[in-house]
Undergrad: 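Could you have a look at this structure, given as structure tokens, before my questions?
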Amino acid sequence: MTLTSRRTIISSIAASIAFVMELTLVPLVLPAIQTFYDLTLSHVAWVFNSYGISVALGVIVGGLIGDAFNIKRVFATGVVMFAMGAAIVAYAANFEMLIAGRVLQGFGGGIFSPLVPLLLTRTLPHRPGKILIIWGSLTGYVATFAPLALSQTIMSTGWQSVFVLFAVLAGVALVLSVKTEAGKFMPSAQKVPNLGLLFGTGDVWLVFGYIFCTYGAITFFLFRLPLWLADIDYSVNSIGLILAMIWLSFSVVGTLLRNWVDSYHVRIIVLAAPFLIAASFLVVFFYHGIGWLTLSAALVGAGFACSNAPSTQLVLQFAPQSLSAICTSLDITFARLGGVAAVALLAQAGFGASVGSVVLLSFVALICALIFLRKIIDN
């Protein structure tokens with residue numbers, strides 16, 4: 001492996017770790033942000049959702065221009081925007097500046113995140129599976145242990161340190177990226193895809209609906225649980241422990257499923273996700289002890305793994321072959337939009353109404369799955 005290859009791999013994984021840590025650490029510091037700026041719950045929802053909306057838009061842009069321009073330059077552009085946005089958030093003087101930073105950070109993250117697996121597999125084309133497993137394992141376990149490892153630091157240095165960390169990681173990724181081969185401007189040799197074909201493919205839209213509902217429920221859990229626990233005087237360390245359990249469960253179950261998603265077991269995996277997600281919210285609704293909360297977190301992490309593991313392969317299975325790239329981008333976009341919609345609609349809802357709404361989302365996801373799985377069974 002050349003020095004350039006090593007730098008490409010390290011820069012891609014460093015940027016990806018920063019992107020994944022945003023999911024696991026920002027929910028942990030939402031109560032502190034709310035107190036620091038004296039925000040209402042509606043304002044906190046905007047802090048969370050402004051990033052999610054921007055990621056959803058950035059993913060589409062990154063997917064479209066990644067093939068038309070030099071992929072490393074597009075990647076570097078996204079990393080710069082992510083780092084700048086994180087720095088703006090860390091030093092925001094007011095709520096408006098905070099939102100502006102979140103928008104820039106999310107859009108940059110959306111641009112570079114779908115390019116990471118492309119960079120990794122093109123760097124090691126003879127061993128693509130190995131590098132993707134290494135990438136997935138590293139990011140998964142960093143997401144698991146970051147809340148535990150950094151909760152004490154956050155308590156002593158303030159919530160701003162989280163966004164400084166994001167900016168530093170992105171900066172490292174950028175420095176390593178610009179030292180790799182710059183490449184030339186490369187117009188796409190492919191024809192412009194016929195997007196009209198997408199609207200005639202019903203099964204892929206059912207998969208998008210499944211992703212929208214399951215990811216929406218999971219994102220709402222990540223948003224609302226830390227705020228609720230802070231209201232009932234749980235410490236940052238305790239909240240970090242519960243959030244870490246989500247990602248530990250996600251990583252462990254995802255590892256166990258790696259040999260099942262390509263077999264007929266995929267049907268069981270897809271159907272298990274809505275049940276696990278609904279069960280996690282029902283546990284929180286009826287039981288409030290730390291043990292039950294930890295169980296709830298483990299259930300939602302397992303549901304997340306069951307929903308996430310087969311989603312991309314199902315999208316590719318049902319999507320027209322000429323639209324595979326845009327469909328994989330839409331996979332991420334619908335996931336983010338599901339989270340945005342759930343948080344926007346349920347942020348100020350009562351606890352019982354929130355649980356009922358999540359159970360309804362899980363039911364809709366189950367119906368979508370039962371319909372599109374019939375085609376897999378028939379085949």
Undergrad: Decide yes or no for Phe48 and Thr219: does some side-chain heavy atom of the first lie under 4.5 Å from some side-chain heavy atom of the second?
TA: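 A side-chain contact exists here, since the closest heavy-atom pair is under 4.5 Å.
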
Undergrad: Can you name the nearest heavy-atom pair linking Thr157 to Ser161, along with the distance?
TA: OG1-OG, 3.0 Å

Undergrad: State whether the side chain of Ser362 and the backbone N or O of Val358 hold a donor-acceptor pair below 3.5 Å, judged by distance alone.
TA: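 Yes, Ser362 side chain to Val358 backbone: donor-acceptor pair under 3.5 Å.
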
Undergrad: Indicate, with yes or no, if Ile218 and Leu360 share a hydrophobic cluster defined by side-chain heavy-atom contacts under 4.5 Å among Ile, Leu, Val, Met, Phe, Trp and Tyr.
TA: no

Undergrad: Do Leu229 and Phe285 belong to the same hydrophobic cluster, where Ile, Leu, Val, Met, Phe, Trp and Tyr are linked whenever their side-chain heavy atoms lie under 4.5 Å apart, directly or via other members?
TA: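 Yes, because Leu229 and Phe285 connect within a single hydrophobic cluster, where side-chain heavy atoms sit under 4.5 Å apart.
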
Undergrad: How many angstroms lie between CG in Asn49 and OG in Ser42, if you round to the nearest 0.5 Å?
TA: 10.0 Å

Undergrad: Measure the CG-OG distance between Leu174 and Ser11 for me, rounded to the nearest 0.5 Å.
TA: 9.0 Å

Undergrad: Where do Cys306 and Ala272 come nearest, in terms of heavy atoms and distance?
TA: SG-CB, 4.3 Å

Undergrad: If we only count heavy atoms from C-beta on, is the Leu243 to Pro27 side-chain gap below 4.5 Å?
TA: yes

Undergrad: Return the minimal non-hydrogen interatomic distance between Ile371 and Leu206, and the atom names on each side.
TA: CG2-CD1, 3.4 Å

Undergrad: Between Ser54 and Gly106 (side chain of the first, backbone of the second, donor and acceptor by atom type, cut-off under 3.5 Å), is there such a pair?
TA: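 No, Ser54 side chain to Gly106 backbone: no donor-acceptor pair under 3.5 Å.
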
Undergrad: Restricting to salt bridge (Lys or Arg N to Asp or Glu O under 4.0 Å), what partner residues turn up for Arg102, sequence neighbours left out?
TA: Glu22

Undergrad: Tell me if a side-chain donor or acceptor on Ser280 pairs with a main-chain N or O of Leu299 at a distance below 3.5 Å.
TA: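 Such a contact is absent between Ser280 side chain and Leu299 backbone.
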
Undergrad: Evaluate the criterion side chain to side chain contact (heavy atoms under 4.5 Å, CB included) for residue pair Arg224 and Leu346; output intermediate values, then yes/no.
TA: CA-CA 9 Å; Arg224 195 67 182 91; Leu346 301 177; over 6 Å; no

Undergrad: Report the C-alpha distance between Ile290 and Ile242 in whole Å, list the side-chain angles of each, state the deciding distance to 0.1 Å, and finish with yes or no for side chain to side chain contact (heavy atoms under 4.5 Å, CB included).
TA: CA-CA 8 Å; Ile290 185 69; Ile242 294 169; 3.7 Å; yes

Undergrad: What is the minimum heavy-atom distance between Phe220 and Ala347, and which atoms define it?
TA: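 Where Phe220 meets Ala347 most closely, the heavy atoms are CE1-N, 4.2 Å.
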
Undergrad: Do you know which two heavy atoms are closest between Cys213 and Val364, and how far apart they sit?
TA: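 Here Cys213 and Val364 meet closest at SG-CG1, 3.7 Å.
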
Undergrad: Is there a chain of hydrophobic side chains (I, L, V, M, F, W, Y, each step under 4.5 Å between heavy atoms) that links Val44 to Val26?
TA: yes

Undergrad: For the CZ atom of Arg7 and the OG atom of Ser177, what is their distance to the nearest 0.5 Å?
TA: 11.0 Å

Undergrad: Within the side chain of Ser156, is there an N or O that forms a donor-acceptor pair under 3.5 Å with the backbone of Thr153?
TA: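 Yes, Ser156 side chain to Thr153 backbone: donor-acceptor pair under 3.5 Å.
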
Undergrad: Do Val359 and Leu282 make a side-chain contact, defined as non-hydrogen atoms from C-beta onward lying under 4.5 Å apart?
TA: yes

Undergrad: Roughly how far apart are Ile13 CD1 and Phe19 CZ, rounded to 0.5 Å?
TA: 15.5 Å

Undergrad: Treat each ILVMFWY residue as a node, draw an edge where side-chain heavy atoms are under 4.5 Å apart, and state whether Val355 and Phe221 are in one component.
TA: yes

Undergrad: Less than 4.5 Å apart, side chain to side chain, heavy atoms only: is that true for Arg336 and Tyr51?
TA: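 Sidechains of Tyr51 and Arg336: in contact.
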
Undergrad: I want to check something: taking the side chain as every heavy atom from C-beta on, are Leu225 and Leu293 in contact at a cut-off of under 4.5 Å?
TA: yes

Undergrad: Which distance, rounded to the nearest 0.5 Å, do you find between the CD1 of Ile10 and the CD1 of Ile17?
TA: 10.5 Å

Undergrad: Below 3.5 Å, can you tabulate the donor-acceptor pairs from side chains in residues 75-97 to any protein atom, sequence neighbours excluded?
TA:
unit_1 : atom_1 : unit_2 : atom_2 : d
Thr77  : OG1    : Arg73  : O      : 2.8
Asn94  : OD1    : Glu96  : N      : 3.3
Asn94  : OD1    : Met97  : N      : 2.8

Undergrad: Going by side-chain hydrogen bond (donor to acceptor under 3.5 Å, both in side chains), name the pairs with one or both residues in residues 23-38, residues two or more places apart or in two chains.
TA: Thr24-Trp247

Undergrad: To the nearest 0.5 Å, how far apart are OH in Tyr210 and CG in Leu361?
TA: 13.0 Å

Undergrad: What do the steps show when you test Val20 against Val142 for side chain to side chain contact (heavy atoms under 4.5 Å, CB included), and what is the final call?
TA: CA-CA 8 Å; Val20 169; Val142 166; over 6 Å; no

Undergrad: Exactly one of Trp228, Phe281, Phe286 should register a ring pair (Phe, Tyr, Trp, His ring centres under 6.0 Å) with Phe351. Which one does?
TA: Trp228

Undergrad: If you look only at pairs with a residue in residues 231-243, which of them pass as a side-chain hydrogen bond (donor to acceptor under 3.5 Å, both in side chains), with sequence neighbours excluded?
TA: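 Applying side-chain hydrogen bond (donor to acceptor under 3.5 Å, both in side chains) to every pair that reaches into residues 231-243, excluding sequence neighbours, yields Ser151-Asn237, Gln152-Asn237, Ser235-Ser238.
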
Undergrad: Does atom CH2 (Trp46) have a neighbourhood of more than 12 heavy atoms from anything else shown, all under 6.0 Å?
TA: no

Undergrad: Compare all side-chain heavy atoms of Met245 with those of Leu295 and state whether any distance is below 4.5 angstrom.
TA: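 The answer is no; the side chains never approach within 4.5 Å.
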
Undergrad: Determine whether the aromatic ring centres of residues Phe334 and Trp205 are separated by less than 6.0 angstrom.
TA: yes

Undergrad: Do Leu373 and Leu271 come within less than 4.5 Å of each other through their side chains, counting heavy atoms only?
TA: yes

Undergrad: Give the C-alpha distance, both sets of side-chain angles, the deciding distance and a yes or no for side chain to side chain contact (heavy atoms under 4.5 Å, CB included) between Ile33 and Gln160.
TA: CA-CA 9 Å; Ile33 292 175; Gln160 293 91 340; over 6 Å; no

Undergrad: Do Val61 and Val103 belong to the same hydrophobic cluster, where Ile, Leu, Val, Met, Phe, Trp and Tyr are linked whenever their side-chain heavy atoms lie under 4.5 Å apart, directly or via other members?
TA: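 Both belong to a single hydrophobic cluster.
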
Undergrad: Sequence neighbours left out, what pairs pass side-chain hydrogen bond (donor to acceptor under 3.5 Å, both in side chains) with at least one residue falling in residues 290-308?
TA: Thr214-Ser307

Undergrad: Work out which heavy atom in Ile277 is nearest to a heavy atom in Ala217; give both atom names and the distance.
TA: CG2-CB, 3.6 Å

Undergrad: Would you call Leu345 and Ser357 a side-chain contact if the rule is heavy atoms closer than 4.5 Å?
TA: no

Undergrad: Tell me, please, which residues at least two apart from Ser12 pass side-chain hydrogen bond (donor to acceptor under 3.5 Å, both in side chains).
TA: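 Result, side-chain hydrogen bond (donor to acceptor under 3.5 Å, both in side chains) vs Ser12: none returned.
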
